[in-house]
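Have a look at the structure below, then the notes.
So that the names make sense, note that chain A is the first sequence line, chain B the second, and so on, each numbered from 1.
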Amino acid sequence: MRSVRLAHPADFDGWRDAARALDAAEVPPEEVVWRVGDEAADLFAGEAPPGARPQGGERRVPRRFVELARLLVCHRDEERFARAYGLLRRLRDEPHLLAVASDPDVARAAQMEREVRRAMHKMKAFVRFRQVTPMPGDEAETFVAWFEPEHHIVDEVAPFFARRFASMRWSILTPLRSAHWDGRTLSIAGGAGRDDAPADDRLEEVWRTYFSAIFNPARLKVRAMRSEMPRKYWHNLPEARAIGPLIRSASDRTQRMIPDPSTRNEPEREPRNEETAMEERASLEGLQECRRCPLYRDATQAVGGEGPGQARIMMVGEQPGDQEDLAGRPFVGPAGRLLDRALIDAGVARESVYVTNAVKHFKFFVRGKRRIHQKPDHSEIEQCRWWLDIERELIRPELIVALGASAAFSLMRRTVTIKSVRGHIMDGPDGASLLVTVHPSYLLRLPDEAAKASEYRRFVDDLRLAA
Amino acid sequence: MARLDLIDKLAVLADAAKYDASCASSGTTRRHALSGAGAKGEGRQARMPGALGSTEGSGICHAYAPDGRCISLLKILLTNYCMFDCVYCINRKSSNVRRARFTPGEVVRLTLDFYKRNYIEGLFLSSGIIRSPDYTMEQIVEVARSLRCDHDFRGYIHLKTIPEASPDLLDRAGRYADRLSINIELPSTASLARLAPEKDMVGIRRAMGGLRARIDERRGERRSRAKPPAFAPAGQSTQMIVGADGEPDTTILRLSDDLYSGYRLRRVYYSAFSPIPDADTRLPPRPPPLVREHRLYQADWLLRFYGFDIDEVAAATTAGMLDLEADPKQVWALRHRHHFPVDLNRGPREMLLRVPGLGVKTVDRVVRARRWRRLRLADLARLTRGAQRAMPFIETDDWHPGNALDGLGLTRPVRQLDLFEAA
């Protein structure tokens, strides 16, 4: 039997040194007794091997194991050091052991690790500082907290408080270990008593007021509260004192909130009238309230056209895309950038062009977290022609360029294939000329670079007819 | 009596804020008070000795109220005076509640006092709308600016954003805040028109779209340049009130799906309409059961973490409503029995995720462990408390459900493990 004495209840460094030496000497776990002593004089009592590093290089263990062991030794379980050493020994023959979460040893260790993590988390949450008068000559605000952790976690959690409360002086006192921060260095010392911390703080009454006011008596869920804020922590939480009265008065307070059904009456306000836009011809006013088809429901906003009122050319695309829908402006996404480039290459002045779409709301379906463009159907295009007609009336362009089949359908009032009509000037509606070509997003979708380049040239050639 | 005044105001303005469900303080950049520069640049000396606060990934719930809700942030209104008259809101113009108003300086002081005592992770500031949307937003932004710039506060800040406020103010809000949120309030345009006549869906969606565009933009710059100013690193969220109108669950969930994809929201909070003092008679006489809210969250989780699409979730509803007695995953599984049992050792991850009783963490552990060892039923029992519930839907070398699945009723009440994680 070998006996190892560790310096304090969560002495990970001491455990690691001893475990290294024992492992190098191939000592089986059942032959080691781990002890935690106040007198840390001799690290290795009895016949434990010396703490020197073993020869022949260090044994490598998975990083995950070091992380696990560090928290394992914080657990209050008496067997924690032995369990950690047992796992270390098993890892020698089973290097993937930690991946097998269903193994009984691994499962138990994982359970202990979870309990330690939870206790650490609760300590970060439930420590309550109370202000004390600072030392003479020291201007920094000084705070002290009394806390009773569930496991041996003070050493592990203290750096969190140092990072967060760097500008204060503070101490966290617990029965076995205490942490102190002087504004520069963190030190850990022995335990303290409850009376070493102040008994009150001027903000606690304010805090209880907040705690009581933020509680909604209409949704009492005491069990949910207790599972997250277990009773064992309550005696050190200043707000806990308010819990009893809040629970007892909840039902009365809720009863008073429910209106008497006998005095109920029907809504006076009606939903907005859908037909108000009918009155206003030749103005895009009312576009945002458009309910002519169901597409308004999922879209962010209606996207009207953009360009000079005296534009010579009107370009009509299909519908706004993801980015147009967010920005509220047509052709600002990838297809719009391609169109801009093509207009330059074709020698068409961008300022002479009004751009808009056959359909003013974005139609899409959701795949995962993306909105995928969906072609509008004929009835939607027909309903939205109302707005395109208004735009034509406002702008009175000489030439209308239909980009893609949806725009061509809207302007020609019949289904056409692009192939059969593209590339020549035709008679359009209300005396304007009409030119049909592809939609720039068609070019973006072509998979093959060579096809992309040749289709782009054809697109530019079509646009040259407009120049 | 100045202190008493403050306590009075706090009671009024915290009470007025409690109908906002969100209290999350997670998902922002990691930062702390020992590092050199402040979390947010602009108008601050490089190494102020007075830095306070940190955010380290997961949020912390510092207390729980008896309603089971986490208290992570100081959640208050700047004022509960309001020009709007939203029927479901306790602060509406026509309500008789007591009114109060904090100065920005008072909110800053209170936040710092609470933070230094480790009561909170930071501030969630909202406000009734007074004078004008811009005026109100300006005051909200001033609180955040003062915390960040005058006090080098590095804790968490969530600002409620007023959709009608000017883009410049939204820009500034995003510079100081970790998270911004705009409440969508109600699931349909018609309900909004009826119950919140001054709000409009297009305005809300436009503002959300604007926030997403700004957040995306900074993300893009982040990759290319050294240190651009962050914009709301914890993203945006929203809240929807459930049960104040007649809209079914499918309408609510379709809207959520739309909001997640359209505006990259981090969270949609569902808040069961809660009776309020001095309630308007247009509201339903009683609140929806709280379990409805719970089922909506479960369905929301299926959409975001379990690979269900919206039509599949809709397939777990009856007449548009989720089953109050059983969780939606269970309902879906029982309606699609032909997909089960799933082989625990060979089934694809996507199918394991559809097994009732198995959560994402458990499934990942199963997938990892089975690379090294064949799993038996006892192995699963060591991995999750949901093993019992999963049994009719899985098979292993030593277990086959036989016709157990056929015997399961469609609406058998099944206890579901809590899906919620701490904020």
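- Taken from CZ in F215(A) to CG in D67(B), the straight-line distance is 5.5 Å, to the nearest 0.5 Å.
- Interface check for chain A: of the options M208(B), R365(B), R206(B), the most heavy-atom pairs under 4.5 Å are formed by R206(B).
- Chosen from G68(B), A381(B), G210(B), the residue pairing most often with chain A at heavy-atom distances under 4.5 Å is G68(B).
- Taking the six-membered ring where tryptophan is involved, the planes of Y115(B) and F165(A) are tilted, since the angle between them lies from 30° to 60°.
- Ion pairing between a basic and an acidic side chain is recognised when a charged N comes within 4.0 Å of a carboxylate O; K124(A) and E56(B) show no such pairing.
- Annotation: residues 367-374 of chain B contacts chain A through R368(B), A369(B), W372(B), R373(B) [non-hydrogen atoms, separation under 4.5 Å].
- Top candidate by heavy-atom pairs under 4.5 Å with chain A, chosen from A11(B), A213(B), A63(B), is A63(B).
- Judged by distance alone, the side chain of R264(B) and the main-chain N or O of K369(A) form a donor-acceptor pair under 3.5 Å.
- Under 4.0 Å is where a charged nitrogen must lie from a carboxylate oxygen, and between D322(A) and R212(B) at least one such pair does.
- With 3.5 Å as the limit, one finds no donor-acceptor pair spanning the side chains of R205(B) and T300(A).
- Counting heavy-atom pairs closer than 4.5 Å to chain B, the top-ranked of the candidates L97(A), L237(A), D103(A), D325(A) is D103(A).
- Inter-residue side-chain proximity for L255(B) and R297(A) is flagged as unmet; no heavy-atom pair is nearer than 4.5 Å.
- Heavy-atom distances place the backbone of A299(A), and not its side chain, under 4.5 Å from chain B.
- To the nearest 0.5 Å, atoms CD1 (I310(B)) and CZ (F365(A)) are separated by 14.5 Å.
- With rounding to the nearest 0.5 angstrom, the OH atom of Y119(B) is 4.5 Å from the CD atom of E204(A).
- Counting heavy atoms from C-beta outward, V100(A) and D379(B) have side chains that stay 4.5 Å or more apart.
- The OH atom of Y210(A) sits 6.0 Å away from atom CD1 of I71(B), with the distance rounded to the nearest 0.5 Å.
- Shortest non-hydrogen contact noted between Q301(A) and V202(B) is CB-CG1, 3.9 Å.
- Looking at E121(B) and R164(A), a side-chain N of the basic residue comes within less than 4.0 Å of a carboxylate O on the acidic one, giving a salt bridge.
- Proximity to chain B (any heavy atom under 4.5 Å) is restricted, for E141(A), to the side chain, taken from C-beta onward.
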